[in-house]
Amino acid sequence: TFINEISKFRVLESQIKDKLQLEHVIVIPGNSDAHETVKEQLGKACVQYLSSILSAEQTVAITGGTTMSEVANMMTPLAHAKNCTFVPARGGLGEQVENQANTICAEMAKKANGKYRMLYVPDPLSEESYQTIKEEPAIKEIVELIHDAAVVIHGIGDAVTMAERRKASSTVMRKIKDKHAVSEAFGYYLDKNGEVVHKVRTVGLQLDDLKNANKVITVAGGKSKTQAILSFFKQAKSDVLITDEAAANQLLKGD
Ligand code: F6P
C-alpha cells in the first residue's frame, strides 16, 4: 500500500542517517542510473529542502555536474530567502559548459530571484598561475564569499568516470587507477577509505573548509555511485544526503 511505501522510505532514511552519522537524509524512489526523471526528483527534493533551511541574504556555494544541473532545473523562487547569492564552490574542474558550476549557479540565481557571482579561472591551472591568480583582488573577493557561504550543495561522482569526463591527462588517470580512487567531489579524488589520492589544482573551497558552512548538502544517487558516496563520507563533513532508493539500498549493504 501507499502507506507501506512511505514508511519503507522513512526506515531507509533513518538507517542511512545512523550509518553515516548525518543530520538529515532524504531518499526518493528509483535509480537515477536508469531513469533521467529520478535525477530530476533528486533536484526537486534538494530545492524543497533548501527552501526550508535558507534565510534571506545568505550565500549558497554549489558545485557542477548533471545532478546539480537538475537542482538548477527544478529551482523555484525561494519565498523566505530573499536576496541570496549563488557562487561556484571551486574554479574550473574540466567540465563542459552546461555542467560547470558557474553556469549552474547563474541559472539557480535567476530562478530563485537571487544574485550570483562567477569565478573565472583557467582550467587546468599550473602551479605558477595558481599562485598568481589566487592573489588577484577580484578572485580574492569572490573566494572570500565562497568561504563564508552558509550553505554548500554538491555532487559526488565515481572517480574514473569523472577523470574520463574531464579528459584528465594520462598521468593523472594512472594515479587515479593505481591508487584505486573511487570517488570525486570538489576536485578531490578519494580512495575507499576516504584518503585523498589526487586533487585538481584550482581556487575556492577545500574539503577542510566544509566545516565552516552551516549546512553541507550532498546530492548523489544511482546504484553506480554507492562506493563513491561511502568513500566521500569517510573523509568529508556533510550534514545532509539526498539520494535515491537504488543507492540507499546498496549503501546499507556496503562498509
Ligand atoms: O565536476 C563537478 C562535480 O560536482 C564533481 O565534483 C562530481 O564528481 C560530479 O560533478 C558529479 O556529476 P554528476 O552529477 O553528473 O554525476
Side-chain angles (χ1 to χ4, degrees), residues 28 30-47 60-74 86-108 118-119 121 123-125 146 149 151-168 172-173 176 181-192 194 196-207 209-210 216-233 235-236 238 241-244 246-247:
I28 57 133
N31 179 6
S32 35
D33 289 337
H35 301 284
E36 236 0 78
T37 52
V38 179
K39 222 180 248 184
E40 281 171 27
Q41 294 308 309
L42 285 177
K44 192 172 175 187
C46 180
V47 170
V60 183
I62 58 129
T63 68
T66 61
T67 311
M68 290 303 298
S69 166
E70 287 302 340
V71 177
N73 189 19
M74 292 302 187
F86 292 81
V87 293
R90 294 198 84 196
L93 292 175
E95 292 271 26
Q96 289 188 309
V97 173
E98 62 274 23
N99 285 336
Q100 280 170 16
N102 269 335
T103 315
I104 294 171
C105 85
E107 190 189 341
M108 281 190 189
M118 294 214 165
L119 182 57
V121 285
D123 166 27
L125 271 181
I146 295 170
V151 178
V152 178
I153 315 177
H154 75 99
I156 301 178
D158 166 74
V160 174
T161 307
M162 287 313 298
E164 281 169 357
R165 190 160 103 189
R166 292 169 172 163
K167 306 199 169 35
V172 168
M173 192 59 97
I176 283 165
V182 296
S183 70
E184 193 286 341
F186 299 98
Y188 289 74
Y189 290 84
L190 313 174
D191 69 13
K192 71 173 180 8
V196 180
V197 156
H198 175 70
K199 179 181 158 186
V200 180
R201 194 193 292 110
T202 189
V203 293
L205 270 196
Q206 312 297 313
L207 276 188
D209 298 328
L210 292 178
V216 179
I217 307 170
T218 306
V219 195
K223 195 174 174 186
S224 65
K225 285 194 187 177
T226 312
Q227 290 314 316
I229 296 170
L230 288 170
S231 141
F232 175 80
F233 282 102
Q235 163 69 238
S238 169
L241 172 66
I242 302 178
T243 190
D244 60 24

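Whatever order the structure lists ligands and atoms in, that order sets their numbers, starting from 1. As the structure is a computational prediction, the values presented were derived from the model and not from experiment.
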Name the residues in contact with ligand 1, where contact means a heavy atom under 4.0 Å away: which are they?
Thr63, Gly64, Gly65, Thr66, Thr67, Glu95, Ile156, Gly157, Met162, Arg165, Arg166, Glu184, Ala185, Phe186, Lys225
Partner of Thr243 under side chain to side chain contact (heavy atoms under 4.5 Å, CB included), chosen from Thr218, Ile229, Thr226:
Ile229
Are Ile217 and Val152 side-chain neighbours, meaning at least one heavy-atom pair lies under 4.5 Å?
no
Between Glu184 and Arg166 (salt bridge meaning N to carboxylate O under 4.0 Å), is one present in this structure?
yes
Does any part of the side chain of Ser224, heavy atoms only, come nearer than 4.5 Å to the side chain of Asp158, both counted from C-beta?
no
Check side-chain contact (heavy atoms from CB on, under 4.5 Å) between Asp209 and all other residues, then give those that pass, not counting sequence neighbours.
His147, Leu205, Gln206, Asn212
Can you name the one residue among Val219, Val216, Thr67, Leu210 that meets side chain to side chain contact (heavy atoms under 4.5 Å, CB included) with His154?
Val216
